[in-house]
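What follows is one structure encoded as structure tokens, with my remarks underneath.
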Amino acid sequence: MEIRKIRPQEVEAVRALCFTAFEAKIDFTASPKESADQILHRPLTRMHQNYLETWAAFNEENDPIATAAHCTLKARLDGSAVGLEGIGDVASLPQAQGKGTIRILFQNILKEAYEKGVELSGLYPFSDGYYARLGYANCVKNHVWQLCPGQIPSWKTEGICKPYAEGRGMEEHLEQIYEKAAKEYNLSLIRQQPEWNRQLKLFLPHRDGFYTYLYYSVFGEPTGYVSYQADHDSKTLECRQFFFTDADALKGLLLFLKGKAAYYNTVSIPLPCTVPLELLLSEFHLNAPHNPAYTLEMHGMTRIVHLRRALEAARFGPDGALRLAVSDPILEQNSGTFELEWKNGRLNKMEKTTQPADAEVSIAQLTRFLCAGLRQEELSLMPQISAQAALQLEKAFPPKKTTVFDYY
């Protein structure tokens, strides 16, 4: 078995591997050949633009039997812009499974990312447990609300919703809304043109039933937008993007969805779990097709890649110090016991030490602490951490807001 990056003439074979492993069409293309042609000649997304950096395993006949694509994006971490190595198209055929092949591909990707100084990595897992063994953690919790549109209250708003139309300056409006709405959330992507291509050009209204509407305030300011996919057979309207910058925009977007009550029985809205939508909904016990409810969605997984750079980018709590033993199953550079000290919210000291650690954590646990913060209730479920260390960890990593609605 040979492990290496793919070559241009192998893109079609690698896409065929993905079609077979996922048992589905990919990127709205009908065949591996069409998908490869799009990647090589009309790449829209950052992953496709970076596709020749894809790692793959090849058998003796030089056929790809496992693959993992990746690209470097920018994300937010406590007000800093950090690198995030997005990983996707992780696929393997039966002859490569159970032999550590995917792990080897990840070792190569993460080693390269570390050498480039990339702070974090993210992916969307087929199995949380599998990727936890590679150091990834669930850091983002979203609430996916299921509403009967007729049950949305009839507020009075003076703004207006307009359908997105390319080439009319609305791209800039979408960017303004997203940047203002996402800036307080860790792990939200700092979108550039390839990320907007995924939002606006990969999915098309007439082909995919994918529509985007912007909400403008009474002053004509763009303050919210919703992108949704309509399924007329199931009478479901599934929102994929739902961003607002103030309460008026939130109500305006919900009123717009309420206007769809004649066509859809259910509206699905993904929101950060910190948004208390229940405060705006007046009825939870009516004998209707269903009452407002939400499901918890763990959206993607994240891991620290370059430990020192990630700690330097993060914001800490009140001044303190801690000796922390970290174990990383992939990047040995991150493993060891570190003397940490922070002042004025930022890392002030990080040195390896041979002194006994106050607490022992995996790189996955530390990723969750760093990105999402730590609550007392979580510490009670970690018996390996002493009471004294728990106090320091709680001080070091206060609760933080996280969200991400982008795919890589």
Side-chain angles (χ1 to χ4, degrees), residues 26-28 38-54 68-89 109-110 112-124 139-140 142 164-204 208 210 212 214 222-227 240-245 270 272 299-306 309-310 313-314 371 401-408:
I26 303 172
D27 302 329
F28 300 99
Q38 183 183 87
I39 288 171
L40 291 171
H41 304 295
R42 301 181 305 280
L44 287 176
T45 68
R46 194 174 299 275
M47 190 74 78
H48 285 181
Q49 292 172 2
N50 198 61
Y51 206 75
L52 293 182
E53 294 298 308
T54 294
H70 64 105
C71 61
T72 306
L73 307 111
K74 286 292 183 182
R76 294 174 178 85
L77 180 61
D78 295 341
S80 298
V82 299
L84 184 142
E85 200 70 15
I87 299 178
D89 285 349
I109 292 172
L110 294 175
E112 277 190 346
Y114 183 93
E115 291 171 351
K116 292 192 298 183
V118 175
E119 289 87 351
L120 303 172
S121 173
L123 52 77
Y124 292 90
C139 298
V140 175
N142 292 329
Y164 166 74
E166 188 175 2
R168 298 186 182 179
M170 287 183 164
E171 291 87 353
E172 183 179 343
H173 295 168
L174 288 168
E175 292 174 15
Q176 291 173 9
I177 295 164
Y178 174 77
E179 288 304 313
K180 188 172 181 180
K183 67 180 181 180
E184 295 182 0
Y185 289 92
N186 278 355
L187 301 180
S188 61
L189 290 192
I190 299 173
R191 291 180 181 171
Q192 297 173 311
Q193 192 57 54
E195 287 69 62
W196 283 109
N197 286 346
R198 172 174 279 278
Q199 300 302 325
L200 301 175
K201 296 182 179 181
L202 192 61
F203 306 98
L204 302 177
D208 310 313
F210 194 90
T212 296
L214 291 81
T223 54
Y225 83 86
V226 57
S227 296
R240 299 296 182 88
Q241 302 275 302
F242 193 99
F243 289 101
F244 56 92
T245 61
H299 198 73
M301 298 182 78
T302 310
R303 68 158 282 154
I304 291 170
V305 176
H306 199 295
R309 287 180 59 88
C371 297
K401 295 196 291 185
T402 63
T403 200
V404 59
F405 290 108
D406 290 82
Y407 290 89
Y408 313 135

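Counting from 1, the numbers follow the sequence of the chain as shown. Predicted model only: the values in this text are computed from it and were never measured.
No donor-acceptor distance shorter than 3.5 angstrom exists from the side chain of S188 to the backbone of V404, with no hydrogens or angles considered. Of the possible donor and acceptor atoms, none in the side chain of T403 sits under 3.5 Å from a partner among the backbone N and O of Y185. Side-chain atoms of N197 come within 3.5 Å of backbone atoms of L44 as a donor-acceptor pair (strictly under, hydrogens ignored). Without hydrogens or angle criteria, E119 side chain to H306 main chain gives no donor-acceptor distance under 3.5 Å. Proximity of a side-chain donor or acceptor of N142 to a complementary backbone N or O of P270 within less than 3.5 Å is not detected. Panel note: side chain T402, backbone C139; a donor-acceptor pair is recorded below 3.5 Å.
A heavy-atom distance below 4.5 Å is not found between the side chains of P194 and T45. When side chains are defined from C-beta on, T72 does not count as touching L84, because their heavy atoms never get closer than 4.5 Å. Side-chain atoms of I177 and T223, non-hydrogen and from C-beta on, never get closer than 4.5 Å to each other. Residues K74 and V82 are not in side-chain contact: their nearest non-hydrogen atoms beyond the backbone lie 4.5 Å or more apart. Using a 4.5 Å cut-off on side-chain heavy atoms (C-beta onward), I87 and I109 make contact. At a threshold of 4.5 Å between non-hydrogen side-chain atoms, the residues H48 and L40 do not count as touching. With contacts defined as side-chain heavy-atom distances shorter than 4.5 Å, the pair T302/S121 does not qualify.
Y124 and Y408 have tilted rings, their planes meeting at an angle from 30° to 60° on a 0 to 90° scale. In this pair, Y225 and F243 present their aromatic rings tilted. The plane angle is within the 30 to 60° band.
Summarising the local packing, CZ of R168 is surrounded by 12 or fewer heavy atoms from other residues, nucleotides or ligands at distances under 6.0 Å. Counting heavy atoms of neighbouring residues, nucleotides and ligands inside a 6.0 Å radius, atom NZ of K401 exceeds 12 of them. Atom CD of E184 sits in a sparse spot, with 12 or fewer heavy atoms from other residues, nucleotides or ligands closer than 6.0 Å. Within 6.0 Å of CD on E172 lie no more than 12 heavy atoms contributed by other residues, nucleotides or ligands.
For the 3.5 Å distance criterion, the side chains of Q241 and Y178 fail to qualify, holding no donor opposite an acceptor. Between the side chains of E85 and H70, at least one donor-acceptor pair of N or O atoms lies under 3.5 Å. Donor-acceptor pairing under 3.5 Å is recorded for the side chains of Q192 and R46. In the model, T54 has no side-chain atom that pairs as donor or acceptor with a side-chain atom of D89 under 3.5 Å.
Across all non-hydrogen atoms, the minimal contact from L187 to C371 is CD2-SG, 3.9 Å. Residues T245 and A181 come closest through the heavy atom pair CG2-N, 4.3 Å.
Residues satisfying the salt bridge (Lys or Arg N to Asp or Glu O under 4.0 Å) criterion with E179, sequence neighbours excluded, are R76.
Ionic pairing of R198 and D406 is not present here: no N-O contact between side-chain nitrogen and carboxylate oxygen is shorter than 4.0 angstrom.
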